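This report concerns only the one structure given below.
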Amino acid sequence: MLDAASWAGRLGGDTFLARTYHRSYAHFPGAADTAGMFSWDDLNRIIATQRLEPPRLRLSVDGEMVPLHRYAIPTTNRRAVTWSRIQPSDFHAQLRDGASLVLDAVEKIHPAVGAAAEGLERFLGTPVQANVYASWTEREGFGRHWDDHDVVVVRLHGSKRWRLWGMTREAPTFRDVESPEEPEGDPVADLVLSPGDVLYLPRGWWHSVTADQGTESLHLTFGMVPHTGADLILWVVDQLRASLALRRDIPRFGSLAEQSDFIDAVRREVADMMADPRLVERWAESIDTTDLGHAISSLPYVNGLPARGEITVKLTTPRGRLTANREQGTVTLSAAGTAWDFAEAAAPALGTLLTNQPTTLGELADSAGLEVKEVAELVSVLIDGHAVAVVGTAL
């Protein structure tokens, strides 16, 4: 399983974060154990059982999306609900003729991919979305292009050729004032990825991808949400909303002197906050602990958890934090926008939850030397706060 520690080991841990992340591509041959992660059988089952409309499921060829009507037909049930039903023969024909298949956000509907995405999120401190890509021919599904987010590619089946060019505009964004120019010259790297290979690519790097190795191709791409200076400024503004200088009305119809005084007051507030050398640390803690994560219901336990040691639970906010308050003899768990104070004795159980792995109430109780009833009460509080969910009902 690709949890946070596994991702760190495969990508290079602190060395990757300090020297590669956001800076340059990196190829890790055979770094991923993909057994049980995602298969052709999984893809067939999802297509057959889920109502997937573009752009969630789409076909693309030569940089253009294939019209839905070429491989699906509208289907309406007796309650007048309409969706698009994939026609396998037409679907196969489009893929055979060079279209590439894309399935977005597969982490939401496939547990193993979801666990891998959460592990990467915990390692890199940013939300992660996983997409599946499949292709069969030398035709490029998307043409040469760049992405507005960093990606980690995990090859599952077959081989695929990746040609890479560097950025032509540094740190391009989704809503940018300029578009990057097409790169010139030969690629800086020409790679063939094989099953188990991992590729990291920063945002803005141009790339073209072809299944030109004579085999059908299947891979996962984990896309990481970028955090830019603009995001930091927006966060700073939110933190300053308690300031009188920022709450006051803009003196639009005041004198130039009044307008100047207003701007000076706002500037001082912003400058004082920006002068904090630990501002990035404060921002990171804030976005980690307020992120809502991946909420899951805990049915049938709507009235709290019974004291049953075999019930399995899991933290649903991969970036929650635990803080010790030694003077008070308490610990604080911050996650999903809420902070809970617990007795210091609960720290081992909370630490186990923070590994983001499924664990039973019995295991949590043993780790902290508590009664299962006590742990059930603690976890029930976190379930009500949307930070933990039951993932094994034991019924």
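Basis for what follows: all heavy atoms, side chains included, without hydrogens, waters or symmetry-related copies. Bear in mind the structure is a predicted one, so any value in this text is a computation, not a measurement.
- Of the possible polar contacts, one joining the Glu374 side chain to the Glu371 backbone as a donor-acceptor pair under 3.5 Å is found.
- None of Leu299, Ile296, Ile311 except one satisfies the side-chain contact (heavy atoms from CB on, under 4.5 Å) rule with Val390; the exception is Ile311.
- No donor-acceptor pair closer than 3.5 Å links the side chain of Arg248 to the backbone N or O of Leu246.
- Checked by atom type and distance alone, the side chain of Thr317 never pairs as donor or acceptor with a backbone atom of Gly293 at under 3.5 Å.
- Shown here is Leu234, whose CG atom has more than 12 heavy atoms of other residues, nucleotides or ligands within 6.0 Å.
- Taking Trp136 as the reference, Trp40 meet the ring-ring contact (aromatic ring centres under 6.0 Å, His included) condition, with sequence neighbours excluded.
- Judged purely by atom type and a 3.5 angstrom limit, Ser159 has no side-chain atom pairing as donor or acceptor with the backbone of Thr215.
- Within a 6.0 Å sphere centred on CG of Asp190, heavy atoms belonging to other residues, nucleotides or ligands number more than 12.
- Separating the CZ atom in Arg321 from the OG1 atom in Thr332 is a distance of 13.5 Å, to the nearest 0.5 Å.
- Shortest non-hydrogen contact noted between Ala31 and Val198 is CB-CG2, 4.0 Å.
- Close placement of the Trp7 and Phe222 rings is indicated, their centers lying within 6.0 Å of each other.
- In this structure, Glu64 places its CD atom where only 12 or fewer heavy-atom neighbours from other residues, nucleotides or ligands lie under 6.0 Å away.
- Side-chain contact between Leu350 and Leu378 is present, with heavy atoms from C-beta onward closer than 4.5 Å.
- Between atom CD of residue Gln87 and atom CD of residue Gln94 there is a gap of 12.5 Å, rounded to the nearest 0.5 Å.
- The backbone N or O of Gly143 lies less than 3.5 Å from no partner atom in the side chain of Asp62, so there is not a single donor-acceptor pair.
- For Asp3 (side chain) and Ser6 (main-chain N/O), a donor-acceptor pair under 3.5 Å exists by modelled atom type.
- Note that the CG atom of Leu124 and the CZ atom of Arg122 stand 12.5 Å from one another [nearest 0.5 Å].
- Ionic pairing of Asp90 and Arg70 is not present here: no N-O contact between side-chain nitrogen and carboxylate oxygen is shorter than 4.0 angstrom.
- Annotation: the span from Ser100 atom OG to Arg58 atom CZ amounts to 10.5 Å, rounded to 0.5 Å.
- The shortest distance between side-chain heavy atoms of Thr34 and Pro195 does not fall below 4.5 Å.
- In this structure, Trp165 and Trp146 have side chains that are not in contact, with every pair of non-hydrogen atoms separated by 4.5 Å or more.
- Under the 3.5 Å distance criterion, with hydrogens and angles disregarded, a donor-acceptor pair is assigned to the side chains of Asn325 and Thr330.
- Across Pro172 and Pro180, no two heavy atoms sit closer than the pair CB-CG, 3.9 Å.
- Residues Tyr133 and Ile47 fall into different hydrophobic clusters, defined by Ile, Leu, Val, Met, Phe, Trp and Tyr side chains chained together at heavy-atom separations under 4.5 Å.
- For Ala389 against Thr316, the heavy-atom pair with the smallest separation is CB-CG2, 3.7 Å.
- Of the possible donor and acceptor atoms, none in the side chain of Arg155 sits under 3.5 Å from a partner among the backbone N and O of Ala32.
- Within the 4.5 Å cutoff, side-chain heavy atoms of Phe342 are placed close to those of Leu382.
- In this structure, Leu220 is a member of the same hydrophobic cluster as Phe123, with clusters built from ILVMFWY side-chain heavy atoms closer than 4.5 Å.
- If you chain together hydrophobic residues whose side chains sit under 4.5 Å apart, Trp205 and Tyr21 never meet in one group.
- In this structure the side chain of Lys314 reaches within 4.5 angstrom of the side chain of Asn356, judged on heavy atoms.
- The stretch residues 64-83 participates, sequence neighbours left out, in these ring pair (Phe, Tyr, Trp, His ring centres under 6.0 Å) pairs: Tyr71-Phe91.
- Residues Gly125 and Asp288 share a closest heavy-atom pair of O-OD1, 4.1 Å.
- Here Thr352 contributes atom OG1 and Gln357 contributes atom CD; the two are 11.0 Å apart, rounded to the nearest 0.5 Å.
- Asp14 CG: 12 or fewer foreign heavy atoms inside a 6.0 Å radius.
- Between Asp186 and Arg163 there is no salt bridge, since no side-chain N of the basic residue sits under 4.0 Å from a carboxylate O of the acidic one.
- Listed by first and then second residue, the ring pair (Phe, Tyr, Trp, His ring centres under 6.0 Å) pairs involving residues 238-259 amount to none (not counting sequence neighbours).
- In this structure, Leu256 places its CG atom where only 12 or fewer heavy-atom neighbours from other residues, nucleotides or ligands lie under 6.0 Å away.
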* Asked: Between Leu354 and Leu333, does a side chain to side chain contact (heavy atoms under 4.5 Å, CB included) hold up when you go through it step by step?
  -> CA-CA 9 Å; Leu354 281 170; Leu333 177 66; 4.0 Å; yes
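- In this structure, Trp206 is not a member of the same hydrophobic cluster as Leu193, with clusters built from ILVMFWY side-chain heavy atoms closer than 4.5 Å.
- Salt-bridge check for Arg161 with Asp212: passed, with a basic side-chain N closer than 4.0 Å to an acidic carboxylate O.
- Around atom CG of Asn303, no more than 12 heavy atoms belonging to other residues, nucleotides or ligands sit under 6.0 Å away.
- Remark: aromatic rings of Trp283 and His227 are close, center separation under 6.0 Å.
- Under the 3.5 Å distance criterion, the side-chain polar atoms of Arg56 are matched with a main-chain donor or acceptor of Ala105.
- Of the inter-residue distances, the one linking Leu57 atom CG with Arg51 atom CZ reads 15.0 Å to the nearest 0.5 angstrom.
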* Are Val152 and Phe28 close enough, and set up right, to give a side chain to side chain contact (heavy atoms under 4.5 Å, CB included), and what steps lead you there? -> CA-CA 10 Å; Val152 171; Phe28 305 93; over 6 Å; no
* Audit row: Ser84, Glu53, side-chain hydrogen bond (donor to acceptor under 3.5 Å, both in side chains) steps and yes/no -> CA-CA 7 Å; Ser84 298; Glu53 300 285 343; 3.0 Å; yes
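- Using a 4.5 Å cut-off between side-chain heavy atoms of Ile, Leu, Val, Met, Phe, Trp and Tyr, with links allowed through other members, Val266 and Ile233 fall into the same hydrophobic cluster.
- When all heavy atoms of Leu395 and Pro300 are compared, the pair lying nearest together is CD1-CG, 3.3 Å.
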* To do: Begin from the C-alpha positions of His386 and Leu292 and carry the test side chain to side chain contact (heavy atoms under 4.5 Å, CB included) through to its verdict.
  => CA-CA 8 Å; His386 311 144; Leu292 297 180; over 6 Å; no
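- Using a distance-only test at 3.5 Å, with no hydrogens or angles considered, no donor-acceptor pair links the side chain of His219 to the main chain of Ser217.
- At least one side-chain heavy atom of Pro318 sits less than 4.5 Å from a side-chain heavy atom of His294.
- Side-chain contact between His22 and Asp150 is present, with at least one heavy-atom pair separated by less than 4.5 Å.
- Side-chain N or O atoms of Arg319 include none that pairs as donor or acceptor with a backbone N or O of Glu121 at under 3.5 Å.
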* Determine, step by step, whether Leu279 and Trp235 satisfy the side chain to side chain contact (heavy atoms under 4.5 Å, CB included) criterion, reporting the C-alpha distance in whole Å, the side-chain angles of both residues, the deciding distance to 0.1 Å, and the verdict. => CA-CA 11 Å; Leu279 185 64; Trp235 177 81; 3.6 Å; yes
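- Residue Arg19 qualifies as open at atom CZ: its count of foreign heavy atoms under 6.0 Å is 12 or below.
- For the pair Asp148 and Arg175, the minimum side-chain heavy-atom distance is 4.5 Å or more.
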